[in-house]
Every structure is written in structure tokens, then in C-alpha cells.
Amino acid sequence: MKKILIGLSWPYANGELHIGHVGSSVPADVLARFHRQCGDDVCFVSGSDCYGTPISIQAQSMHVSPVEISNMYHEKFVDIFKKLDFSFENFFKTTDERHINFSQNFHKELSKTNYIYNKKTMQLHCNNCHRFLPDRYVEGLCPFCKKPAKGDSCEYCGKILEAENLLNPKCKICNSEPVLKATEQIYLDLPQLQLQLENFYDKRKDTWSQNAQGMTNRYLTEGLRERPITRNLDWGVPLFGENENSEKRIYNWAENVLGYLSGCKVYCDNNGKNWLDFWKNKNAKHYYVHAKDNIPFHTIIFPGLLLANPNEYHLPDTVLSYEYVTMEGEKISKSKGTALTARELLEEFNADFVRYYFAKNINDKKDTNFSFTDFVTSINGELINNFANFVNRTLSFVKNKFNGEVKVYENNVETMELIRSAYEKVATNIQQGKTSTALKNIFELVSYANKKFDANAPWQTIKTDPELCEKQCFEFVTIILNLANMLLPFIPNGACKILEWMGDIKNEWGVKTFKNNVKLGDFCPLYQRLDMENVKLKFKNYFK
RNA sequence: CGCGGGGUAGAGCAGCCAGGCAGCUCGUUGGGCUCAUAACCCAAAGGUCGUAGGUUCAAAUCCUUCCCCCGCAACCA
């Protein structure tokens with residue numbers, strides 16, 4: 001039994017989850033369910049990232065406290081992940097007292113090392129809003145092309161900018177002119193960790209997705225830069241010790257990733273387990289799953305924090321970074337009205353459909369384009385016509401001709417070998433985050449089954465040779481048993497139903513055979529087909 | 001010349017790292033079957049693999065040019 005930690009990146013609690021979040025998250029739950037089926041001790045952990053300027057500003061404009069805003073979105077996240085059949089050991093939040101304590105302790109330990117130092121910097125401050133401004137909250141004119149630009153970069157000439165160099169800088173919140181003010185921050189000495197991180201990268205990169213390798217390699221090649229781990233914020237994890245009451249907070253990125261540890265610890269504490277079996281165990285395996293924008297945080301900064309901390313915690317093993325989801329060809333954007341939320345999708349569709357669609361399409365090479373036409377044809381054509389209909393045609397046949405009972409026969413060698421090799425391929429692909437290829441492996445078996453059903457024509461053999469017909473049926477129900485078992489990580493709802501109909505509730509990964517005569521329970525068509533016109537009507541706002 | 005990824009049949013994609021008959025799913029057309037949710041099976045049509053050049057007996061694949069799309073650019077989290 002292996003200790004498996006699966007860390008899904010923490011969604012930021014200032015907006016609803018959209019299809020992009022869902023797309024890059026589904027493979028994490030597939031992994032978690034797969035490893036549990038293998039008998040491993042799994043800790044699947046994520047949570048709501050609750051701190052930072054955007055939440056603080058949103059709270060101000062809505063005249064509520066930041067904790068209310070973040071709690072509201074946290075509740076929404078919990079609800080959506082439940083509807084998606086996600087199987088977290090712990091879905092936590094960074095405002096939890098136990099996370100705050102853990103992060104403070106972690107940084108207290110860090111502060112005793114020589115990877116940490118104080119440094120004075122100048123930062124733009126808005127005297128009207130009484131806060132230091134993140135670069136993206138400063139707007140002005142680009143010093144190079146004189147066109148409107150934000151503090152981090154100019155979208156016209158493409159130059160990277162320093163916020164303090166903008167002409168006519170304005171605070172994005174109140175439109176008054178910010179001033180440069182001296183401040184002191186605590187820095188993490190990433191350049192000093194460069195060699196250790198290169199070593200870490202070389203050792204582990206082969207199990208990472210391609211985009212994670214490429215981007216990390218680039219950061220390392222360019223040379224790492226120091227990064228501040230504190231900010232002057234009113235909304236964040238307070239510092240520890242003598243700095244506890246200062247206006248500084250632990251900067252968001254130096255604290256939210258520690259949620260993988262704090263969230264795991266809380267789960268273990270609540271379940272009589274030792275969290276260090278996950279975090280100080282060379283044989284443990286850690287997966288991190290997220291969208292591509294999270295790559296440097298999981299391949300440079302988080303491992304950097306872990307290396308700098310004297311506890312020698314387990315470093316990330318497999319990093320799975322997925323490309324973005326676009327909506328009918330356009331970038332997901334609230335202002336463009338292309339931010340289809342997970343809630344909207346799950347109000348209309350079975351969670352299995354959503355999980356299937358994204359597991360089938362998300363990848364590490366290029367953006368996945370979500371379109372309703374594609375969604376409907378993919379669900380109807382593949383999941384229902386091929387798979388669900390094979391189940392239904394077989395079970396209906398057995399029910400009508402054999403009263404729902406089939407004797408045990410010797411297993412067909414060729415078929416069993418195909419099933420065995422499918423398990424092997426699917427397992428490999430799931431562990432590499434290639435859910436799309438894994439599903440392809442499974443559906444090759446579905447296609448084999450449908451072909452064989454036609455070739456055998458049991459509706460003929462039932463008349464000419466009932467014994468042979470029953471033998472054929474036994475083979476088909478055996479295939480279904482294994483298909484359902486293999487699909488359990490992907491479409492837990494439907495797969496679970498099928499296993500129940502077949503009287504099998506043990507969810508072990510690997511070839512399954514019937515030991516006793518098969519007695520089918522009551523069953524029905526697994527899913528209802530989707531109606532394109534109906535979908536068009538329901539989601540007409542998303543059609544151009 | 002900032003960095004990375006992508007451009008393959010009407011649509012969505014695999015193949016490229018390791019050169020060897022251009023493939024898969026959906027759609028279209030024709031046929032078959034009647035167990036099944038208008039589902040399933042067989043067959044056919046449909047592509048100068050973004051562009052231009054190079055290496056090679058052989059290039060979607062390796063090298064170079066240019067064009068187009070997307071992402072990143074460390075203070076979005």
C-alpha cells in the first residue's frame with residue numbers, strides 16, 4: 001500500500017468555477033479514484049485560496065468583509081466539486097486557523113535559515129485607498145509607446161514594464177495618483193536554491209507533462225530571481241513572532257501552496273493517520289495537478305520553499321499541467337460572456353458527461369476548445385451509443401432470453417488478454433495524466449465488444465444453439481464487468497450502477513471474472529441521450 | 001528577433017522526440033443487421049500534413065525562412 005498525495009491547485013475565492021477549472025481538475029480525481037482502486041492510501045487535497053488584494057477590493061466594493069466573500073465562494077466550490085463527484089480527502093481553505101498556524105510555523109522555521117533575508121524596496125502606494133498597489137492595479141501610459149498600459153506590461157508594444165515607470169500613473173481603484181514609498185520585505189533567495197532546484201528538475205522531470213518541463217527549463221536556464229514572500233496587505237496570513245502585528249502579511253503564493261501540507265495534516269489528524277507518512281516518506285508519491293498558469297508555482301517556488309525549510313519534506317514527483325479550455329474558440333472571459341460556469345453545466349448535465357468530456361479532451365499540448373455541438377455529439381456518439389448502448393443491448397438480451405441469469409463458462413482467451421492489456425495501458429496513461437489516451441484504450445475494447453456482438457449474432461444462435469448463445473452472453477457480461485470497473489475513475493456514477501447490476505461492489509483494479517453464475521439485478525438505460533435543440537435553447541447565450 | 005506551444009479530411013484530434021504506405025473519432029454517402037436508447041456492423045468519398053527552401057534512397061516527422069493562432073513574461077492567484 002503506497003502513500004499517494006494528490007494536490008489540486010487551490011482555486012482563488014473571488015469568482016465561480018468555470019469550465020477551465022473543471023477541465024484541468026478532472027484528471028486529479030481520476031488519479032485519486034484510480035489509486036484507491038489499486039489499494040493505495042490516498043490523500044487528495046485542495047481548497048479555497050482566500051487571501052489577497054483582489055478579494056479584499058471586491059469585499060470593499062460590496063461592503064462586506066473579505067472573510068464573508070471568501071467563505072461564500074468556498075461554499076460554492078464545495079458544492080460544485082460535490083456535484084462533480086470529486087472525492088477529496090480534504091477540501092480545505094486558507095482562512096482556516098489550522099492552515100494559518102501551519103503556515104506561520106513553516107515560515108518561522110524558514111526565517112532561521114539563510115535562504116531568507118530582508119530587503120528595502122520602493123513600492124507604489126495609494127494614499128487615498130491607504131494601500132500598496134500590486135502592479136496590475138496601476139494604470140497609466142507606456143513610457144515606450146505612450147499608449148495606455150497596466151503596471152506589469154504594455155499590450156501594444158509588448159514591453160515588460162515596471163509600474164513605477166508608467167507615465168501619469170493612476171490607482172485603478174480610486175483613480176488618484178499613487179506615490180513611491182519605501183518599504184521593507186522578506187525575500188526568498190531562489191538564486192541560492194538554483195542548483196538544488198536544477199537537480200530536482202533533472203531527477204523528476206520525466207514524469208511531468210511536456211509544458212511543465214518546457215517552462216521550468218526556461219526559468220532555470222534564465223536563472224532564478226529572488227522573490228519577496230511578504231507584502232503590505234490588510235488581508236493575508238499574518239507574520240509570526242516580533243513581526244506578528246506589523247502591517248505585513250505572508251504573500252499569497254508563499255502560503256497557499258503550503259495548504260497541501262496543512263490540508264493533508266488536518267485530514268490525517270482527523271482520521272488517526274500520521275501526516276508525516278505522506279510528507280517524510282521517500283516511498284510516497286506526490287502528484288500535482290493544475291492549469292498551465294500554475295507551473296512555476298509548483299515546479300520552482302513550492303519546491304524552493306520545501307528545500308529551504310529544514311524539515312526535508314517530500315518534493316513533488318509528478319507534475320501534470322494542462323493547457324487552457326477555450327469557449328467556442330474564444331478565451332474564457334467574464335467580460336466577453338464566454339465564462340461558462342461549472343454550475344451552469346452541472347445544472348443541465350450528468351456529472352459523468354462533464355467528467356467524460358474533459359477527461360477525453362484535456363491535454364498538455366494545446367488548448368481544448370469547448371463547444372456545445374462537440375459536447376453533445378461526443379456524449380451521444382461515444383459514451384452513449386457505443387458504451388451505454390452496448391451495456392443495454394447485452395443486459396436486455398440476457399434478461400429477455402435467459403431471464404437475467406447466465407451460467408459460468410470458461411473465459412475466452414483472446415478476450416481476456418485484450419482486457420488484461422487494456423488495464424495495463426489505462427493504468428500507465430492515468431498515472432501520466434493522459435486521461436484522453438486512457439479513455440481511448442477503454443473505448444477500443446468497447447468497439448471490439450460491439451463488433452463481436454454483431455459477428456456472433458446471439459439473436460441467431462439463441463435459435464440454433466442456445467448453449468453457444470449463453471456462452472457468448474457470458475463473454476459479453478464479463479467484458480461489461482471489466483469495462484465498468486475500468487471506467488470507475490472516469491464516470492463513477494454510471495460505472496457504479498453497472499457494477500451493482502452485476503452484483504459486484506468490490507472496486508479493485510485489475511481483471512475481474514465471475515466465479516458464480518451471473519444474476520442481473522434490475523437495470524435501465526444508463527443515460528438519456530442529449531437533445532441538441534434543447535441544449536441550444538438552454539445555452540443560447542453562448543451561441544454566436 | 002523576449003520565451004514556450006500550436007497550424008494534419010467538413011469538425012475535433014493522434015502521429016513528430018527515435019524519418020519508412022497519412023491515421024482516429026464525429027459528420028457525409030451506400031449497404032447490412034433487428035439484441036439494443038434512430039442504437040450496432042461493413043464499405044466508400046473526402047487531406048499538395050500553414051508557407052518557402054534544405055538534408056536524405058525516403059520528410060507530417062530532422063534543419064532553416066516566413067505567415068497565422070494561443071499562452072507566458074515571475075506583483076493574477
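Throughout, a chain's letter reflects where its sequence line sits, starting with A, and its residues are numbered from 1.
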Checklist outcome for this item: Atom CD1 of Ile462(A) and atom C1' of U34(B) are separated, to the nearest Å, by 15 Å
Checklist entry - Are Trp208(A) and Tyr201(A) close enough that their ring centers fall under 6.0 Å? => result yes
Next on the checklist: Looking at Phe476(A), I'd like to know if the NZ or CZ of Lys452(A) sits under 6.0 Å from its six-membered ring centre while staying within 45 degrees of the ring's axis.
Outcome noted: no
Checklist entry - Atom OH of Tyr357(A) and atom P of G12(B): how far apart are they, to the nearest Å? => result 11 Å
Checklist entry - Is the charged tip of Arg393(A) near the ring of Phe453(A): under 6.0 Å from the six-membered ring centre and within 45° of its axis? => result yes
Checklist entry - What nucleic acid atoms does Gly236(A) come within less than 4.0 Å of, heavy atoms only: base, sugar-phosphate, or nothing? => result nothing
Checklist outcome for this item: Whole-Å distance, Asp364(A) CG to C17(B) C1', equals 13 Å
Next on the checklist: Between C1(B) and U61(B), how many Å separate the two C1' atoms, rounded to a whole number?
Outcome noted: 26 Å
Item to check | Under 4.0 angstrom between Arg529(A) side-chain N/O and A39(B) OP1 or OP2 | outcome: yes
Checklist entry - Taking the side chain of Ala388(A) as its heavy atoms from C-beta onward, which of C33(B), C40(B), U37(B) lies nearest to it? => result U37(B)
Checklist entry - OP1, OP2 of C42(B) versus side-chain N and O of Lys451(A): anything below 4.0 Å? => result yes
Checklist outcome for this item: In short, Pro316(A) meets Phe200(A) closest at the heavy-atom pair O-CE1, 3.3 Å
Next on the checklist: Looking at U37(B), I'd like to know if its phosphate oxygens (OP1 or OP2) sit under 4.0 Å from a side-chain N or O belonging to Asn392(A).
Outcome noted: yes
Next on the checklist: Heavy-atom nearest nucleotide on RNA chain B for Asn294(A) versus Ile301(A): which residue maps closer to 5'?
Outcome noted: Ile301(A)
Checklist outcome for this item: Checking C40(B), C72(B), C35(B) against the side chain of Asp454(A) (C-beta onward), the nearest is C40(B)
Checklist entry - NA contact type, Pro525(A), heavy-atom cut-off 4.0 Å: base, sugar-phosphate, or nothing? => result base
Checklist entry - Can we call the ring centroids of Phe539(A) and Phe349(A) under 6.0 Å apart? => result yes
Checklist entry - Which nucleotide, A14(B), C33(B), G71(B), lies nearest any side-chain atom of Lys440(A)? => result A14(B)
Next on the checklist: Can you tell me if Gln460(A) touches the phosphate of U34(B), counting only side-chain N or O atoms and a distance under 4.0 Å to OP1 or OP2?
Outcome noted: yes
Checklist outcome for this item: The residue among Val22(A), Leu345(A), Asn361(A) that forms side-chain contact (heavy atoms from CB on, under 4.5 Å) with Phe370(A) is Leu345(A)
Item to check | Between P of A39(B) and CG of Leu395(A), the distance in whole Å | outcome: 20 Å
Checklist entry - Given C40(B), C33(B), A73(B), which nucleotide is nearest the side-chain atoms of Trp459(A)? => result C33(B)
Next on the checklist: Would you say the ring centers of Phe81(A) and His21(A) fall short of 6.0 Å from each other?
Outcome noted: no
Checklist outcome for this item: Out of A39(B), U37(B), C35(B), minimum distance to the side chain of Phe453(A) belongs to C35(B)
Checklist entry - In whole Å, what is the span from the CG atom of Asn217(A) to the P atom of A74(B)? => result 19 Å
Next on the checklist: Both Thr368(A) and Cys524(A) contact RNA chain B. Taking the nearest nucleotide for each, which residue is further toward the 5' end?
Outcome noted: Thr368(A)
Item to check | Reference residue Phe443(A); test ring-ring contact (aromatic ring centres under 6.0 Å, His included); the match among Phe390(A), Tyr356(A), Tyr448(A), Phe490(A) | outcome: Tyr356(A)
Checklist entry - What interatomic distance, in whole Å, is found between P of G5(B) and the corresponding atom of C16(B)? => result 16 Å
Item to check | Sugar-phosphate, base or nothing in reach of Glu382(A), heavy atoms under 4.0 Å | outcome: sugar-phosphate
Item to check | P atoms of A73(B) and A14(B), separation to the nearest Å | outcome: 24 Å
Checklist entry - Base, sugar-phosphate, or nothing for Asn385(A), non-hydrogen atoms under 4.0 angstrom? => result sugar-phosphate
Checklist entry - Which value, in whole Å, describes the distance between the C1' atoms of nucleotides G15(B) and G6(B)? => result 15 Å
Next on the checklist: Rounded to whole Å, how long is the line connecting atom CE of Met215(A) with atom P of C72(B)?
Outcome noted: 8 Å
Checklist entry - Base, sugar-phosphate, or nothing for Tyr527(A), non-hydrogen atoms under 4.0 angstrom? => result base
Checklist outcome for this item: Taking A36(B), A73(B), C40(B) as options, the one with an atom nearest any side-chain atom of Tyr219(A) is A73(B)
Item to check | Same-atom distance (P) from U8(B) to A45(B), integer angstrom | outcome: 22 Å
Checklist entry - Given C26(B), is OP1 or OP2 found less than 4.0 Å from the side-chain N or O atoms of Asn386(A)? => result yes
Next on the checklist: To the nearest 0.5 Å, what is the distance between CG on Leu481(A) and CD1 on Ile498(A)?
Outcome noted: 10.0 Å
Next on the checklist: What is the separation between atom CD1 on Ile384(A) and atom P on C26(B), rounded to the nearest whole Å?
Outcome noted: 14 Å
Checklist entry - Given the P atoms of C72(B) and U28(B), what is the spacing between them in whole Å? => result 38 Å
Checklist entry - C24(B) and A43(B): how far apart are their P atoms, nearest whole angstrom? => result 11 Å
Checklist entry - Which nucleotide in the set U25(B), C76(B), G12(B) lies at the smallest distance from any side-chain heavy atom of Asp374(A)? => result G12(B)
Checklist outcome for this item: Regarding the side chain of Arg393(A), the nearest nucleotide among A36(B), U37(B), C41(B) is A36(B)
Checklist entry - Phosphate oxygens OP1/OP2 of C72(B): is one of them under 4.0 Å from a side-chain N or O of Tyr324(A)? => result yes
Checklist entry - Say you pick atom C1' in U29(B) and the same atom in U65(B); how far apart are they, in whole Å? => result 42 Å
Item to check | Atom-to-atom span, CD1 of Ile300(A) to P of C72(B) - whole angstrom | outcome: 17 Å
Checklist entry - Taking only Watson-Crick and G-U wobble pairs with both distances under 3.5 Å, what dot-bracket line describes RNA chain B, where [ ] shows pairs that cross earlier ones and | shows pairs with another strand? => result .(((((((.[[[[.)....(..]]]].(((((.......))))).....[.[[[..)....]]].])))))).....
Checklist entry - Considering only side-chain heavy atoms of Thr377(A), which listed nucleotide, C26(B), G71(B), C40(B), is closest? => result C26(B)
Checklist entry - Parallel, tilted or perpendicular: which describes the rings of Trp10(A) and His99(A), with under 30° parallel and over 60° perpendicular? => result tilted
Next on the checklist: Should Phe397(A) be counted as stacked on C35(B), where stacking needs a ring-centre gap under 5.5 Å and an angle between planes under 30 degrees?
Outcome noted: no
Checklist entry - Of the non-hydrogen atoms in Ser46(A) and Ser9(A), which two are nearest, and what is the gap between them? => result OG-O, 3.4 Å
